[in-house]
Amino acid sequence: MRTSANAAPESVLIVDDEPSLRTILSFIVQRVGAVPVVAPDAATARQLAAKHTFACALIDKNLPGENGLDFLKWLRSVQPGCNALIVTAYGNVDSAIEALRLGAFDYLLKPFEVDALEHRLKLALQQYRMRQEHERMQAMLVQADRLASLGLLAAGVVHEVNTPLAYILSNLDWIDEELPSLRKALEGQKHAGKELASLAERMAGLESTMRDIREGAERVRHIARDVKAFARDPGDASQLVDLREVLDAALKMALVHIRYRARVVRDYQDVPLVLANEARLAQVFLNLVVNAAQAIPEDGGDHEIRVRLWTGPNGEACAEVGDTGMGIPAENMAHLFEPFFTTKPSGEGTGLGLFICKSIVESFEGTITVDSRPGVGTTFRLSLPPHVRSSRATRPAEPVVSAAVS
Ligand SMILES: Nc1ncnc2c1ncn2[C@@H]1O[C@H](COP(=O)(O)OP(=O)(O)OP(=O)(O)O)[C@@H](O)[C@H]1O
Ligand SMILES: [Mg+2]
């Protein structure tokens, strides 16, 4: 039995002032394959829980000093994932309800049967493991979606990079031909006024070509930088995020999907900063913007993707991505946020985009909703808690701006 230090994730905290019960409970914990960590009172238990993560806790309701239910309340606030079972000799329905209301996993009366307690502890541990596994899978899905988006981007990047590269190369070819003949002309000529003027003209042509090459190379550099920023593992750190910048970055990255289908109309009003992970939010907006573009036929029609930012009535940051695409049939609306729901041909859509968007937005305590009318268009709306509860903009408010992405 251990009394302190280095509790592994699968440790069970036992808080009981009776030494004999601590021994029995430790024995049961070991029988279910976990490690018991014991404390005779709530103060010791608090010290242990401040340092270690517990899968479950067995808490005596009547402890010396701090009451078991008060300790439970504190434990739930610092380790919400820990499944706590309250064990007491003084149980009644009211205190059982109170314990469950405070978030206890279960409630047991003393004297208890070892088998019954073992069974309930097993359930508590199982539920803990399943939740851990769920969180792990969720993190893997977010990563998988990032990689899928990266694949999508890669196709766009190839397209984007090819155009400037083509003119960099053709201009280089031209310089290759021009320079030797220019040198020859300079060496062989007697530099009469007329000839000098023609040489100067050719030099000017060379300089302007060099500028074009530089511009093309700069474009390639920018594209590479944008993709690198997206590909970087964002980690989980949160920072203050300006939604305007995130939305602009997502639009820029999705440009190749939007360009021949729709105009982008921006309506950025005052919006508070939010505490979130910038790369994750970029992933959300990129998914929404690419979905919007994919819902619009490439028929040269007059289509729009509208992006809006504003402050909600309770000071929240609101964002909208709307399109004039094909809309969503009523029977699909309930399934949009389910994993692997897609109407796209295999190879084009995995059906993870919106599922991931929802889990990212919810991880920042936000919400995402959708409105759609078949044949008219679709609008996804996000709401995120503001970092500062005020409607002050991070930049001066601009009038409604309507512009095509370039
Ligand atoms: N703006 C939109 N307009 C019309 N339908 C949409 C729109 N956004 C999503 N959908 C519908 O919701 C489905 C699920 O979208 P989701 O982004 O989750 O997956 P996907 O786009 O099919 O695949 P991917 O995993 O590559 O994003 C889409 O297949 C499409 O039918
Ligand atoms: Mg999608």
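The basis for the numbers below is simple: all heavy atoms, side chains too, and nothing from hydrogens, waters or symmetry mates. Start at 1 and go down the list; that is how both ligands and their atoms are numbered.
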Engineer: Is there side-chain contact between L206 and I175, with at least one heavy-atom pair below 4.5 Å?
Structural biologist: yes

Engineer: Tell me, which pairs form a salt bridge (Lys or Arg N to Asp or Glu O under 4.0 Å) where one or both residues lie in residues 368-377, sequence neighbours left out?
Structural biologist: D371-R381

Engineer: Between R22 and D16, does any NZ, NE, NH1 or NH2 come within less than 4.0 Å of an OD or OE carboxylate oxygen?
Structural biologist: no

Engineer: Do side-chain atoms of Q79 reach the backbone of A49 as a donor and acceptor pair under 3.5 angstrom?
Structural biologist: yes

Engineer: Could you tell me whether K358 and E362 make a salt bridge, using a distance below 4.0 angstrom between a side-chain N and a carboxylate O?
Structural biologist: yes

Engineer: List, ordered by chain and residue number, the protein residues whose closest non-hydrogen atom lies under 4.0 Å from any atom of ligand 1.
Structural biologist: N291, A292, A295, D323, G327, I328, L336, F341, T342, T343, K344, E348, G349, T350, G351, L352, G353, L354, T378, F380

Engineer: I need the protein N, O or S atoms closer than 2.8 Å to the Mg ion (ligand 2), given as residue plus atom name.
Structural biologist: N291 OD1

Engineer: Roughly how far apart are I28 CD1 and L117 CG, rounded to 0.5 Å?
Structural biologist: 4.0 Å

Engineer: Mark yes when over 12 heavy atoms from residues, nucleotides or ligands other than H119 sit less than 6.0 Å from its NE2; otherwise mark no.
Structural biologist: no

Engineer: For D302, which residues count as a salt bridge (Lys or Arg N to Asp or Glu O under 4.0 Å) partner, sequence neighbours excluded?
Structural biologist: R263

Engineer: What distance do Q239 atom CD and L273 atom CG have between them, rounded to the nearest 0.5 Å?
Structural biologist: 11.0 Å

